[in-house]
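Structure record follows, encoded as structure tokens.
Note that the structure is a prediction, hence the values are computed from the model and not measured. The analysis underlying the following values was restricted to heavy atoms, covering all of them including side chains, and did not include hydrogens, waters or symmetry mates. Below, chain A is the first sequence line, B the second, and so on; all start at residue 1.
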Amino acid sequence: MGLKIYNTLTRKKQDFSPLNDNQVTMYVCGVTLYDELHLGHARAAVVFDIIRRYLEYKGYQVIYVTNFTDVDDKMIQRAKELKITVFELAERFIEEYFDQMEKLGVKRATYHPRATEHIKEMIELIEILKNKGIAYCVDGDVFFRVRKFPGYGKLSGQSLKELSAGVRIDVDEKKEEPFDFALWKKAKEGEPSWDSPWGKGRPGWHIECSAMAMKYLGESIDIHGGGKDLIFPHHENEIAQSEASTGKEFAHFWVHNGLVTIDNQKMAKSTGNFITLREALEKYDGEVIRYYLLSAHYRSPLNYTKDSLQEASASMERVYNTLESIDEVTFSIKKEANLHKVYPEIESLYKKFFQSMDDDFNTPSALAAIFELVRKANLILEKPSDKNSKLILYEIAEKIRKMGGILGLFQGKKKKLDEKAKDLIQILIDVRNILRQEKRWDLADTIRERLQKLGIHLKDEKDKTSWRISIT
RNA sequence: GGCGGUGUAGCCAAGUGGUUAAGGCGGAGGAUUGCAAAUCCUCUAUUCCCCGGUUCGAAUCCGGGCGCCGCCUCCA
């Protein structure tokens with residue numbers, strides 16, 4: 001079975017194979033560092049992290065690049081408001097970005113290039129376009145002459161004519177035609193600027209991605225990704241710039257994740273309609289947020305409601321409960337279990353997981369396979385365990401952890417308590433059990449409830465009381 | 001107005017031609033428990049926005065309608 005990926009360019013799911021042997025080059029548009037991240041950014045990051053991990057699981061050597069836009073209009077404005085430099089603003093949000101991504105379990109990219117560190121490459125690219133007569137300079141600004149690129153509109157599925165009909169922006173009088181876009185912007189007073197053949201200025205937004213993608217990954221890349229809102233104009237323009245300059249196909253697969261909505265309205269900073277990642281992380285473990293973001297197919301819209309994360313948390317608890325129960329039961333047979341016998345029922349669900357992932361990264365379906373295994377395990381756990389059932393349980397836990405690993409879930413990075421805290425809990429349990437023997441239920445229940453509020457769940461079993469920590 | 005997408009139970013969400021429409025959350029009843037929690041069992045869409053059509057057979061294909069969303073301006 002082979003991997004199929006939906007390609008925005010062809011509007012079809014296509015068999016995936018890399019341009020070069022075993023190597024996959026992947027560029028994903030990153031964030032502009034002018035404000036906090038929200039769940040929408042988190043979704044894009046997690047989605048492409050999954051794609052990257054799955055390709056790696058498949059044995060490909062993935063070179064993954066995602067950029068930081070560290071200079072643009074909004075950043076300049078924000079820096080002014082905060083009375084700091086654009087550079088300081090960028091530094092602040094980069095640090096926060098890595099910190100939050102780590103909590104979400106997003107692996108670092110191979111490269112995280114910053115726009116301002118690639119001005120030279122951008123200027124070179126603009127020069128090529130200018131020499132070809134595709135770019136033109138007007139009074140310190142440089143524009144891309146869209147009419148000169150015949151393929152313009154192929155990604156967004158619109159012709160130049162259709163686009164022109166919908167123009168509702170104030171057209172810059174310097175442009176020859178409304179849809180020409182800026183490659184280089186003339187410096188304004190008090191703004192960061194760089195020297196160029198056309199005078200002081202700064203790069204337009206689209207050029208950075210073309211320049212950096214080509215620098216790190218070559219003229220043609222396997223996968224280019226980003227949110228659906230970037231299809232037009234950003235990615236359309238990237239294609240125009242890149243392909244006009246090289247004459248080669250820029251990206252073989254264009255992959256776009258659906259947007260996160262709240263009350264069915266797009267989550268966006270510009271509208272004030274958003275949940276920041278920080279807020280979400282204050283209330284829930286990063287793994288819960290990650291799970292939530294994977295609970296819908298990556299191309300579908302994902303509507304956030306106030307209960308979404310609670311629901312995700314409850315679902316994850318189910319898996320963790322089972323894994324812990326299995327660990328308790330199979331503790332003694334670990335060594336033997338490593339022989340890995342084959343159990344057809346387990347194998348078929350294991351297969352379902354990979355078939356789902358192969359089908360354009362269908363994570364909801366893949367997660368369902370995990371839950372079906374959880375159910376099987378719970379059924380076995382109901383009965384008194386014998387050696388054979390322990391072996392099966394061990395195998396199930398192994399498989400769940402392996403599948404979870406690909407999704408970056410269920411790896412048990414749970415809150416650890418130090419020995420003293422554990423001893424304290426044990427004291428409370430011992431005291432409570434004395435109270436229970438004396439049938440002083442009100443006090444016993446109070447202890448249980450208060451521990452519960454701290455995320456420590458007590459389980460009264462036949463002859464002992466055990467405890468565990470919840471993930472949220 | 002143009003382009004793209006979407007409409008599946010109380011909620012979230014798979015499924016895109018064929019025996020019982022995944023999975024999760026929530027809810028109801030039962031088992032278990034001192035009571036809980038966890039877990040198990042049963043129930044919770046005779047039906048997939050509506051109307052036509054194609055077909056032996058459609059949630060799944062086609063036509064029409066309605067609703068919602070995104071893009072066309074910065075945006076993951």
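A donor-acceptor contact under 3.5 Å is not formed by the side chain of A:R375 with the base of B:C40. Side-chain atoms of A:D445 and base atoms of B:G34 include a donor and an acceptor less than 3.5 Å apart. No N or O donor and acceptor, one from the side chain of A:R43 and one from the base of B:A76, sit under 3.5 Å apart.
No salt bridge links A:K186 with A:D141; every basic N to acidic carboxylate O contact stays at or beyond 4.0 Å.
Residues satisfying the side chain to side chain donor-acceptor pair (under 3.5 Å) test with A:Y6, not counting sequence neighbours, are none. The salt bridge (charged side-chain N to carboxylate O under 4.0 Å, His left out) test applied to A:D15 returns A:K4, not counting sequence neighbours.
Nearest heavy atoms, A:E345 versus A:K376: OE2-NZ, 3.0 Å.
In summary, the aromatic rings of A:H235 and A:W254 are positioned with their centroids under 6.0 Å apart. Taking the six-membered ring where the residue is Trp, the centroids of A:F68 and A:F98 are separated by under 6.0 Å. Checked against a 6.0 Å centroid threshold, the rings of A:H224 and A:F253 do not count as neighbours.
Across all strands shown, B:U19 has no partner, as no Watson-Crick or G-U wobble contact with both distances under 3.5 Å is found. The partner of B:C68 is B:G5, judged by Watson-Crick or G-U wobble contacts that both fall below 3.5 Å. When both distances must be under 3.5 Å, the Watson-Crick or G-U wobble mate of B:U55 does not exist. With a cut-off of 3.5 Å on both pairing distances, B:A36 has no Watson-Crick or G-U wobble partner at all. Pair assignment for B:G26 gives B:U44, based on Watson-Crick or G-U wobble hydrogen-bonding distances that are each under 3.5 Å.
Here the C1' atom of nucleotide B:C3 and the CG atom of A:D229 are 16 Å apart, to the nearest Å. Rounded to whole Å, atom C1' of B:A76 lies 16 Å from atom CD1 of A:I275. Distance, A:L33 CG to B:C74 C1': 15 Å, rounded to whole Å. Nucleotide B:C71 holds its C1' atom 12 Å from the OH atom of A:Y152, rounded to whole Å. For the pair A:L393 CG and B:C40 P, the computed distance is 13 Å after rounding to whole Å. To the nearest angstrom, C1' of B:G5 lies 16 Å from CG of A:L230. When rounded to the nearest whole Å, the span between CZ of A:F361 and P of B:G15 equals 15 Å. Note: NE2 (A:H256) to C1' (B:C3) measures 14 Å, nearest angstrom.
Residue-to-nucleotide proximity on RNA chain B shows that, of A:K352 and A:A296, the 5′-proximal contact is made by A:A296. Nearest-nucleotide positions on RNA chain B place A:I231 closer to the 5' end than the other of A:H234 and A:I231.
Using a 4.5 Å heavy-atom threshold, the side chains of A:Y97 and A:H112 count as touching.
Considering only side-chain N and O atoms, A:N362 lies under 4.0 angstrom from the phosphate OP1 or OP2 of B:G15. Within the structure, every side-chain polar atom (N or O) of A:S300 is placed at least 4.0 Å from both OP1 and OP2 of B:G7. OP1 and OP2 of B:A76 both lie 4.0 Å or more from every side-chain N or O belonging to A:N257.
Here the separation of B:G18 from B:C11, taken at their P atoms, is 27 Å to the nearest Å. The separation of B:A22 from B:U47, taken at their P atoms, amounts to 15 Å, rounded to a whole angstrom. Going from the C1' atom of B:C72 to that of B:G17 covers 37 Å, rounded to whole Å. The same atom, P, is picked in B:U42 and in B:C50; the two are 30 Å apart, to the nearest Å. Only the P atoms considered, B:U60 is 15 Å distant from B:G15, to the nearest whole Å. Between B:G27 and B:G10, the distance separating the two C1' atoms is 8 Å to the nearest Å. Comparing B:C12 with B:G2, their P atoms are spaced 30 Å from each other, to the whole Å. Taking the C1' atom of each, B:G24 and B:G5 are spaced 25 Å apart, rounded to whole Å.
Listed nucleotides B:A76, B:C72, B:A14 differ in distance to A:F232; the shortest reach to its side chain belongs to B:C72. When distances are taken from the side chain of A:R11 to each of B:G34, B:G4, B:G24, the shortest belongs to B:G4. Listed nucleotides B:U39, B:A22, B:A14 differ in distance to A:N321; the shortest reach to its side chain belongs to B:U39. In this structure, the nucleotide among B:C72, B:G23, B:A14 sitting nearest to the side chain of A:E372 is B:G23. Listed nucleotides: B:A14, B:G23, B:C3. Nearest to the side chain of A:A368: B:G23.
A donor-acceptor pair shorter than 3.5 Å can be found between the side chains of A:E287 and A:Y320. Under 3.5 Å, the side chains of A:Y152 and A:N237 contain a donor-acceptor pair of N or O atoms.
In this structure, A:I370 reaches neither bases nor backbone, as no heavy-atom distance under 4.0 Å exists between it and the strands shown. Across all strands, A:G153 comes closer than 4.0 Å to no nucleic acid atom at all (heavy-atom distances). Base contact: A:G40 has a heavy atom under 4.0 Å from a base atom. Residue-level contact check: A:R432 touches the bases, meaning some heavy atom is under 4.0 Å from a base atom. Note on A:K459: a base of the nucleic acid sits closer than 4.0 angstrom, heavy atoms only. Looking at heavy-atom distances under 4.0 Å, A:K266 makes contact with a base. Nucleic acid contact class of A:V28 (heavy atoms, under 4.0 Å, all strands): none.
With A:T69 as the partner, the side-chain hydrogen bond (donor to acceptor under 3.5 Å, both in side chains) test is satisfied by one option alone out of A:K74, A:E208, A:R114: A:E208.
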Fill in: Under 4.0 Å protein heavy-atom contact, by nucleotide of nucleotides 25-33 of chain B - B base, S sugar-phosphate only
S--------
